[in-house]
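As structure tokens, the structure follows; a few thoughts come after it.
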Amino acid sequence: MSLNTIIQPNSDKLKNSLPDRITIAEGDGVGKEIMQATLSILEAAGAQLTYDKIEIGEKMYLNGHTSGISTDAWESLRQNKAFLKGPITTPQGGGYKSLNVTIRKTMGLYANVRPCRAYTPYVQSHFPNMDLVVIRENEEDLYAGIEHQQTPEVVQCLKLVSRPGCERIVRYAFEYARVNGRKKVTCMTKDNIMKHTDGLFHEVFREVAKEYPEITSEHYIIDIGSAHLADNPERFDVIVTLNLYGDIISDITAQVAGSVGLGGSSNIGDHISMFEAIHGSAPDIAGKDIANPSGLLHAACMMLEHLGQNETAAKIMNALLCTLEDGIHTADIASENYTQLRVGTQDFAQAVIKRIGQSPRRFKGITPTAVGDPISIKLKPTLPVKKELKGIDIFLDWTGTERNPDVLGRQLEELAGAELQLKMITNRGVKVYPNGMPETFCTDHWRCRFVSTQYLGKTKNTSATPTAPVTYLQLVQLLSRLHLAGLNFIKTENLYDMNDKRAYSLGQGE
Ligand code: NAD
């Protein structure tokens, strides 16, 4: 049990208004040092907070909590509005779940927000005018963590993308832009390849963008978008993207801005929000008093704004900018030309504290924004769809007759029966039957597509499946025939038309 109230900073200031109660966790590695530095600055600046301290991370993992957090700690998180979290070390080896992913998903923290700006010339970056925010979807995509191995050769990971999930994050991005006076929102997806999952994200982006005519909207395929981000980040303002791409581009962004030690991030949910530095536990420098506390301090300022303590947040940010301008730097950002004094973690915090109340000379000072209601997203209700079962993809583990797809194809044609026909077989997505190429490499994992034998003829709607609906019973009977013939089916995917449109991808070459 590690729940205890530890500090009441500036208790005299709390007499007039009730302080915000938050949960904090030091985490692992440099966590203790940077948390101590950050809390001392919050206290000196008059942040109106009380703290519940919880234990998370390596110690909890090794004590048998597979997600690195105890039941008591969950209670604290559920009771408070904000969580200031130090970095944690996920132990190597199987059986341990990522604490970050677990907290994000369990507490519904759907938006990961990472502002990233350059602090040139005091922190070296090639892009002095860089000032952007990456808003990453935080709960879906490949991070659903649904992975399987069903044949000796092939493993798979399920990519889940939902319409409410897309709508929530895209709306959040536009609302964030509106509230923070930003002018442009860029969406990045790979919908030229993943037409259904990334395609949905892009489609929702187009729909929502129309409701914000004052904000410019644009879309990049993620690969060229990332290239532009590395080459010319100054052209971007707010970027919204799916979970995996967001994870990758937000680290690229932090690096090109100058240092991963500087960035903070928030994970926004409807009930609680979590704030943390973007860097990890930095075990290589832990316990040496050399870590830069600015990342966690940034996160703490985002938290103060979230709690409506905008003035205190601006005061701290201005003091931080003054410290950087005065050349007082930790080792990670020290440079020959601009560092006057190289300091450790706690001395850096003291330098920031000394400058509370000052305004930066060269950097543009931070003016506290008016305290408004936190961004709250209302989703449109999901409309009913006309859903028709049009066939099935049956996946087989098969290595018969030198893996010749024609042999498998002929056997399946016989087993298909009078009502169903084998449309094609693919291997790793490429059509290998009928009329496959002998050059195509085949694994032990075969996707066999069956549809109705009854053609509907030429219809106006070219995106609908051209064959008649099938029944669940026909599919179950087909699976039974395959099983009795000794074929090892490992999974199935139903094929549907939604509102008379094909809702599954074609095979490459189909
Ligand atoms: P890292 O961010 O901990 O370290 C990368 C490099 O940056 C190291 O050289 C480190 O010394 C330096 N660095 C990081 N923070 C710094 C700071 N505040 N000041 C100065 N230098 C700093 O990344 P890693 O080494 O890949 O990961 C270490 C551990 O952290 C791993 O167990 C990883 O799983 C975990 N991790 C946790 C989080 C999190 O809790 N949010 C995020 C990323 C990684």
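For ligands, and for the atoms within them, numbers begin at 1 and follow the listed sequence. FYI, side chains are in, hydrogens and waters are out, and symmetry mates aren't considered; it's all heavy atoms of this structure. Numbering starts at 1 and runs along the sequence shown.
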**Asked** Are a donor atom and an acceptor atom from the side chains of Arg447 and Asn427 found within less than 3.5 Å of each other?
**Response** no

Exercise answer, ligand 1 polar atom pairs (N/O) under 3.5 angstrom:
from, atom 1, to, atom 2, distance (Å)
ligand 1, 2 (O), Gly280, N, 2.7
ligand 1, 3 (O), Gly280, N, 3.4
ligand 1, 3 (O), Ser281, N, 3.3
ligand 1, 3 (O), Ala282, N, 2.7
ligand 1, 9 (O), Asp284, OD2, 3.1
ligand 1, 11 (O), Asp284, OD1, 2.9
ligand 1, 11 (O), Asp284, OD2, 3.0
ligand 1, 15 (N), His279, ND1, 3.2
ligand 1, 18 (N), His279, NE2, 3.1
ligand 1, 18 (N), Asn292, O, 2.9
ligand 1, 19 (N), Asn292, N, 2.9
ligand 1, 30 (O), Ser281, N, 3.0
ligand 1, 30 (O), Ser281, OG, 3.2
ligand 1, 40 (O), Lys85, NZ, 3.3
ligand 1, 40 (O), Ile88, N, 3.0
ligand 1, 40 (O), Asn100, ND2, 3.4
ligand 1, 41 (N), Asn100, ND2, 3.0
ligand 1, 41 (N), Glu276, OE1, 3.2

**Request:** Identify, with sequence neighbours excluded, every residue that meets ring pair (Phe, Tyr, Trp, His ring centres under 6.0 Å) alongside Tyr176.
**Result:** none

**Asked** With sequence neighbours left out, which residue pairs that include part of residues 350-359 fulfil the side-chain hydrogen bond (donor to acceptor under 3.5 Å, both in side chains) condition?
**Response** Asp326-Arg355

**Prompt:** Can the ring centroids of Phe348 and His329 be said to lie less than 6.0 angstrom from one another?
**Reply:** no

**Item:** For Arg235, side chain to side chain contact (heavy atoms under 4.5 Å, CB included) partners two or more places apart
**Value:** Tyr220, His228, Asn232

**Salt bridge present between Glu276 and Arg104 (N-O < 4.0 angstrom)** = yes

